[in-house]
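Below you'll find the structure, written out as structure tokens, and then a few comments.
FYI, side chains are in, hydrogens and waters are out, and symmetry mates aren't considered; it's all heavy atoms of this structure. Being a predicted model, the structure only gives us computed values, none of them experimental. A, B, ... follow the sequence lines: proteins, then strands. Residue 1 opens every chain.
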There are 2 protein chains.
Amino acid sequence: MIPLEKRAELLKIIAHPARIKILEDLTQGVKCVSDFEDSLDISQPNVSQHLTLLRTNGIIDFFVDGRLKCYFLKEPFIPDLLDLLKKEYDDDMPAPACCPVTKKGTYPGERRR
Amino acid sequence: MIPLEKRAELLKIIAHPARIKILEDLTQGVKCVSDFEDSLDISQPNVSQHLTLLRTNGIIDFFVDGRLKCYFLKEPFIPDLLDLLKKEYDDDMPAPACCPVTKKGTYPGERRR
DNA sequence: TAAATACATGCAAATATTATTATATTTTAA
DNA sequence: TTAAAATATAATAATATTTGCATGTATTTA
């Protein structure tokens with residue numbers, strides 16, 4: 001199984017609005033850099049930096065078509081994650097009635113804030 | 001649907017090895033702070049900080065049992081995400097044969113590094 | 001072959017995150 | 001009522017991330 005540290009790293013790389021948008025765009029198919037410039041409304045160098053980060057971490061890749069770089073999704077985990085992020089959850093998980101060990105305690109606890 | 005910014009935030013909050021471990025421990029049931037101190041091998045204040053971050057963002061909650069604080073999972077997205085992170089993917093996604101727009105280009109492209 | 005297009009890189013500034021240390025609060029037990 | 005246990009908070013220091021900007025390179029077109 002993929003080790004804890006790597007799982008954290010993977011999520012961290014994805015956990016940025018620009019990069020999530022990039023990945024979502026890529027689930028629709030191949031895009032080149034200027035496509036993201038339009039859809040993200042950030043500067044070209046900034047787009048390039050996000051793409052480089054995603055690529056050097058093996059999440060996306062590209063091929064060259066003349067002066068275009070055509071980026072595509074490589075990491076199969078991504079579509080599943082993006083789907084999960086779109087899933088609607090109606091309710092919070094149920095709070096345990098009491099502490100399973102001491103069989104005591106009350107919820108909700110008193111909070112200072 | 002949960003907006004882009006929020007999705008990024010959510011992932012960012014989870015994307016830390018200590019916090020992923022905390023959440024995994026919590027899928028097994030209620031735990032108090034000192035349990036994490038043992039299982040994570042980080043300082044008590046640091047555990048507390050991670051727990052506070054998770055709680056103030058609605059991902060976990062606690063109830064009070066004497067001088068223990070019993071933490072539990074609240075955000076239903078978490079178990080699904082943790083499962084997904086454990087899933088094995090055998091192969092990378094297939095690279096497109098050519099640019100769907102220009103019908104040209106070669107993969108892999110030339111890389112500088 | 002000069003200009004334009006598409007993209008990448010390096011670096012510095014701004015900001016955010018993390019761990020650490022010290023201290024405070026709450027509760028139970030003696 | 002005092003001490004200790006369990007946890008939280010605050011301040012700080014160390015790092016990491018993010019962005020902006022200037023510049024650099026490759027490719028195509030005129």
Whole-Å distance separating the [atom1] atom of [X] from the [atom2] atom of [N]:
X: B:L54; N: D:dA8; atom1: CG; atom2: P; result: 12 Å
X: B:D35; N: D:dA5; atom1: CG; atom2: P; result: 17 Å
X: A:R55; N: C:dC7; atom1: CZ; atom2: P; result: 13 Å
X: A:N46; N: C:dC11; atom1: CG; atom2: C1'; result: 15 Å
X: B:K31; N: D:dT7; atom1: NZ; atom2: P; result: 13 Å
X: B:I42; N: D:dA8; atom1: CD1; atom2: P; result: 13 Å
X: B:K69; N: D:dA5; atom1: NZ; atom2: P; result: 18 Å
X: A:F63; N: D:dA26; atom1: CZ; atom2: P; result: 21 Å

So [Y] and [X], do their side chains get closer than 4.5 Å, heavy atoms only?
X: A:K6; Y: A:E9; answer: yes
X: A:S39; Y: A:K31; answer: no
X: A:E75; Y: A:I60; answer: no
X: A:K69; Y: A:R55; answer: no

- [ ] Enter the inter-axis angle for the ends of the helix from C:dT1-D:dA30 to C:dA30-D:dT1 (five pairs per end, rounded to 10°).
- [x] 10°

- [ ] Pull out every residue in residues 9-20 of chain B that has a heavy atom closer than 4.0 Å to any atom of DNA chain D, ordered by number, or say none.
- [x]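 Nucleic-acid contacts, sorted: none.
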
Is there a donor-acceptor pair under 3.5 Å between the side chain of [X] and the backbone N or O of [Y]?
X: B:R19; Y: B:I13; result: yes
X: A:D35; Y: A:C32; result: yes
X: B:T52; Y: B:S48; result: yes

Task: 5' precedence on DNA chain D between A:H50 and B:L51 (nearest-nucleotide basis) - done: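 That would be B:L51.
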
Task: Residue mapping more 5' on DNA chain D - nearest nucleotide basis, B:V47 or A:R67 - done: B:V47

Among [options], the nucleotide that comes nearest once only the side chain of [X] is considered:
X: B:S48; options: D:dA8, C:dC7, D:dT19; value: D:dA8
X: B:P45; options: D:dT9, C:dA19, C:dA8; value: D:dT9
X: A:L68; options: C:dA19, C:dA22, C:dC7; value: C:dC7
X: A:C32; options: C:dC7, C:dT20, D:dT7; value: C:dC7

TODO: Take the angle between the ring planes of A:Y71 and A:F62 and call it parallel below 30°, perpendicular above 60°, tilted in between.
DONE: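 Answer is tilted, since the angle falls between 30° and 60°.
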
Task: Base D:dA8 paired with B:Q49 side chain (donor-acceptor, <3.5 Å) - done: no

Task: Polar side-chain contact A:Q44-C:dA6 base: donor and acceptor under 3.5 Å - done: no

Task: OP1 or OP2 of C:dA8 under 4.0 Å from side-chain N/O of A:Y71 - done: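 So the side chain of A:Y71 is within the cut-off, an N or O lying under 4.0 Å from OP1 or OP2 of C:dA8.
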
Task: Chi angles and distances behind the salt bridge (Lys or Arg N to Asp or Glu O under 4.0 Å) call for A:D25, A:K21 - done: CA-CA 6 Å; A:D25 286 359; A:K21 186 67 167 65; 3.0 Å; yes

Open item on the list: Can you tell me which residue among B:L81, B:L4, B:I2, B:L11 is in a side-chain contact (heavy atoms from CB on, under 4.5 Å) with A:L85?
Closed with: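 By the side-chain contact (heavy atoms from CB on, under 4.5 Å) criterion, A:L85 pairs with just one of B:L81, B:L4, B:I2, B:L11: B:L11.
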
Open item on the list: For a quick check of understanding: with a heavy-atom distance under 4.0 Å over all strands, which category does B:S34 fall into, base, sugar-phosphate or nothing?
Closed with: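 B:S34: backbone/sugar contact only, no base atoms under 4.0 Å.
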
